[in-house]
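Notes to accompany the following structure.
All chains are named by letter (A, B, ...) in the order of the sequence lines, taking the proteins before the strands, and each is independently numbered beginning at 1.
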There are 2 protein chains.
Amino acid sequence: MVVKTSTLQDVARVANVSTATVSRTLSNPDVVSESTRTRVAEAVKATGYRINRAARNLRTQRAHSVLVLLPDLANPFFSMILEGISRHLSQEGYSMLIASTKQVHDSGERLIDYLDDARADGMIILDGGLDPEVVDMLESAPQAKRILFACEWIDGTSFPSVRCENREGARMAVNHLYDLGHRKIAHVTGPEGNVLMHRRKDAFIDEITKLKLEHKPDWIIAGEFSLAAGCRAAQAWIALDDRPTAVFCASDQLAMAFIAELSRHAFKVPEDVSVMGFDDIGLAEQFIPPLTTIKQDRLMIGETAAKMLMARILPPKDKNLNHAAVLPVSLVVRKSTTAPH
Amino acid sequence: MVVKTSTLQDVARVANVSTATVSRTLSNPDVVSESTRTRVAEAVKATGYRINRAARNLRTQRAHSVLVLLPDLANPFFSMILEGISRHLSQEGYSMLIASTKQVHDSGERLIDYLDDARADGMIILDGGLDPEVVDMLESAPQAKRILFACEWIDGTSFPSVRCENREGARMAVNHLYDLGHRKIAHVTGPEGNVLMHRRKDAFIDEITKLKLEHKPDWIIAGEFSLAAGCRAAQAWIALDDRPTAVFCASDQLAMAFIAELSRHAFKVPEDVSVMGFDDIGLAEQFIPPLTTIKQDRLMIGETAAKMLMARILPPKDKNLNHAAVLPVSLVVRKSTTAPH
DNA sequence: TAGCACGATGTAATCGATTGCATAGTGAAG
DNA sequence: CTTCACTATGCAATCGATTACATCGTGCTA
């Protein structure tokens, strides 16, 4: 460290009080007298004092930061969620640490180290695909209470989570297509093993069944949340003898790639087939055709996650420890769906 | 803090040595004897010791983390760069803190506080649009050496930066279109005042001039790095009396929105007009038509930025302090450009 | 064998803020 | 005038790791 900033001691000297008083003035102004308060304030200004967080963190046994774990930093889906998390954290004087589960894994670190380390006070995990042994370790760790999942989660664990109404979203999608007149509806799923994939797929099947619609095994097309998977799904759809007139894709990216691949094979959307996505990412609106989709409010998911985590980290003022928050989704109708010809 | 982890003292007690020896064993194994090394290693394992970073940070006067500042967290362009930065940082045992300039500004914090605070040892700024007074403050701060720009930068300042060959990229774009046979080429710029916008625009004009191509003022269409701007630019192009046969857009997003809007007005790309982007974001390949663009290696930009910053933060072993790194770009030819009809 | 160098380890100060406890000072009640 | 309550402030320990300096022991050299 080249630069020497002034410390509490310097401020105390200038204000002619003890360091204890300065500290109290800064963190709990009510307990000191009016006169010292102003004196300290002046001294702070005069010295250009900035609190040293490392010192405070050591003394208070808090890192004043939260780790956010993404499956993959390069996935644009998460940016809005980060924005939401960050917004709330910075309001609370907390910083946001970012890492990807892949990278942590590759570097041989253990996730729990971030907590053991005093690097972070809690973590928000956006990856439901963690290795089971990692999950076991997290769950049995004494700090398990300071871990929370968002968007994705892991069934059978006790971690609280914030997520959107995935089932309801799938239902809305099917009903939208049904209302347009579609009776043969396919579903392109997310990656095998992914919780979101299962929720959405199960709800899709439930709704199809409830509406007594025709239903074939190969109308459930296995995909992942990637562009390439969308292309493969399109090829699968093209290869069908009896093609559904509408396709509900488990994500917008998937839907876009699906449509792109169709168009390369001279199929038109929505004329030849209606296609829906899920998420409502920024590009959905600009896509050709603009994508009909199920919107998740990612900003709110992020904010809610941060709020819930902070409630578990901070001293319990208002004991409002929800175990899970399930946020509403909404149908956004654009141009990629229409009545069957 | 609910959880009590073991400390150096605990390890020292178990290994029957002093804390100094344990510390040395951990950070500088060569200076201790073989036997103590194994004894300490066993004690560490037995106690489940994890270093307390807050304590180490306080003692060493280092935060062991770096702040990355984005103009806007919700912009997917940056995710790859973050991935690159994070990759290198974690290799060095550093953590990555994320914040957005907008948010920092709104919350009334000062950027330099992150450094003064001992919250971060350095920062990588991805926003060339900082307020001039903020820039002045950063530049005159004693810690200015620990600040670095990536992707964007600020002309007239002394901050080192990592960027791609913007000029060369624009030149490549123009020449690609020229080689296809285009003689009337337009440019949709980035946002006014943005350094990238200027570089690319200036290089565009230079190259047009060099090639002695026709050139009209309204063939430079003012845009921003947003989808909406791309739509507006398309409308501007449509409104031209004498329409250029090719358009070089300053970003992929811009190009995609441009194409989308054209298609809404029944213009086809590349049949009616060739369109190029800049960046090569993930979606460029999947777009319809797949986008011809100038590729920036964002992963490498991130890694290089992290490396350069670390070189300035860490003790100078190999004094290789480049002031700026300019990384190559490459032309990626896809389907959005073709010879004029 | 004395002297010295060097390797290995211990002692204790230190980083800077927080906070339990002690104390001084003030005013009111008895 | 004493005593009590209460407010404002100071003292000093503390969080846990690092590191300058001191010390001890061993082996080599003259």
Side-chain angles (χ1 to χ4, degrees), chain A residues 1-41 43-44 47-64 93 113 115-119 121 315, chain B residues 1-41 43-44 47-64 93 113 115-119 121 315:
Chain A
M1 180 74 87
V2 195
V3 186
K4 190 73 195 168
T5 60
S6 45
T7 71
L8 257 199
Q9 300 235 30
D10 300 325
V11 178
R13 202 175 310 117
V14 172
N16 205 33
V17 292
S18 71
T19 60
T21 300
V22 179
S23 175
R24 279 188 284 252
T25 309
L26 263 29
S27 58
N28 198 4
D30 297 336
V31 304
V32 303
S33 72
E34 174 70 35
S35 68
T36 36
R37 210 173 336 177
T38 58
R39 210 137 36 88
V40 168
V44 165
T47 54
Y49 171 75
R50 292 269 91 210
I51 193 174
N52 182 315
R53 300 217 174 204
R56 192 228 275 174
N57 290 349
L58 173 58
R59 178 60 227 231
T60 60
Q61 303 286 61
R62 292 254 210 70
H64 294 275
D113 286 353
L115 264 29
D116 276 343
D117 258 354
R119 243 184 306 181
D121 295 330
Chain B
M1 179 73 88
V2 195
V3 186
K4 189 74 195 165
T5 60
S6 45
T7 71
L8 257 199
Q9 300 235 31
D10 300 326
V11 178
R13 202 175 309 116
V14 172
N16 204 32
V17 292
S18 71
T19 60
T21 300
V22 178
S23 176
R24 278 188 286 252
T25 310
L26 263 29
S27 57
N28 198 4
D30 298 334
V31 304
V32 303
S33 72
E34 175 70 33
S35 68
T36 36
R37 210 173 334 173
T38 59
R39 208 137 39 87
V40 168
V44 165
T47 53
Y49 171 74
R50 291 270 91 208
I51 193 173
N52 181 315
R53 301 217 173 203
R56 191 227 273 173
N57 290 349
L58 173 59
R59 178 59 227 230
T60 60
Q61 303 286 62
R62 291 255 210 69
H64 293 274
D113 286 352
L115 264 29
D116 276 342
D117 258 355
R119 243 185 305 180
D121 294 330

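The side chain of A/I51 sits closest to C/dA17 out of C/dA17, C/dT9, C/dT11. Listed nucleotides: D/dG16, C/dG10, D/dT9. Nearest to the side chain of B/N52: D/dG16. Of all nucleotides listed (D/dA12, C/dA17, C/dA8), C/dA8 comes nearest to the side chain of B/S33. For A/Q61, taking side-chain heavy atoms from C-beta onward, the closest of the listed nucleotides C/dA8, D/dC15, D/dA12 is D/dC15. Picking from D/dC11, D/dC15, D/dA17 the nucleotide with the shortest atom distance to the side chain of A/S18 gives D/dC11.
In this structure, a donor-acceptor pair under 3.5 Å is absent between the side chains of B/R53 and B/H64.
One can place CZ of B/R24 at 11 Å from P of C/dT11, the figure rounded to the nearest angstrom. Distance, A/N57 CG to D/dG16 C1': 13 Å, rounded to whole Å. Note: CD (A/Q9) to P (C/dT14) measures 11 Å, nearest angstrom.
At a threshold of 4.0 angstrom between heavy atoms, the contacts of A/V17 are confined to the sugar-phosphate backbone, with no base atom among them.
Between D/dT9 and A/T36, a contact under 4.0 Å exists linking OP1 or OP2 to a side-chain N or O.
Taking the nucleotide of DNA chain C with the nearest heavy atom to each of A/R53 and B/R39, the more 5' of the two is matched to B/R39.
Contact of B/R56 with D/dT18 (side chain to base): no donor-acceptor pair of N or O atoms is detected under 3.5 Å.
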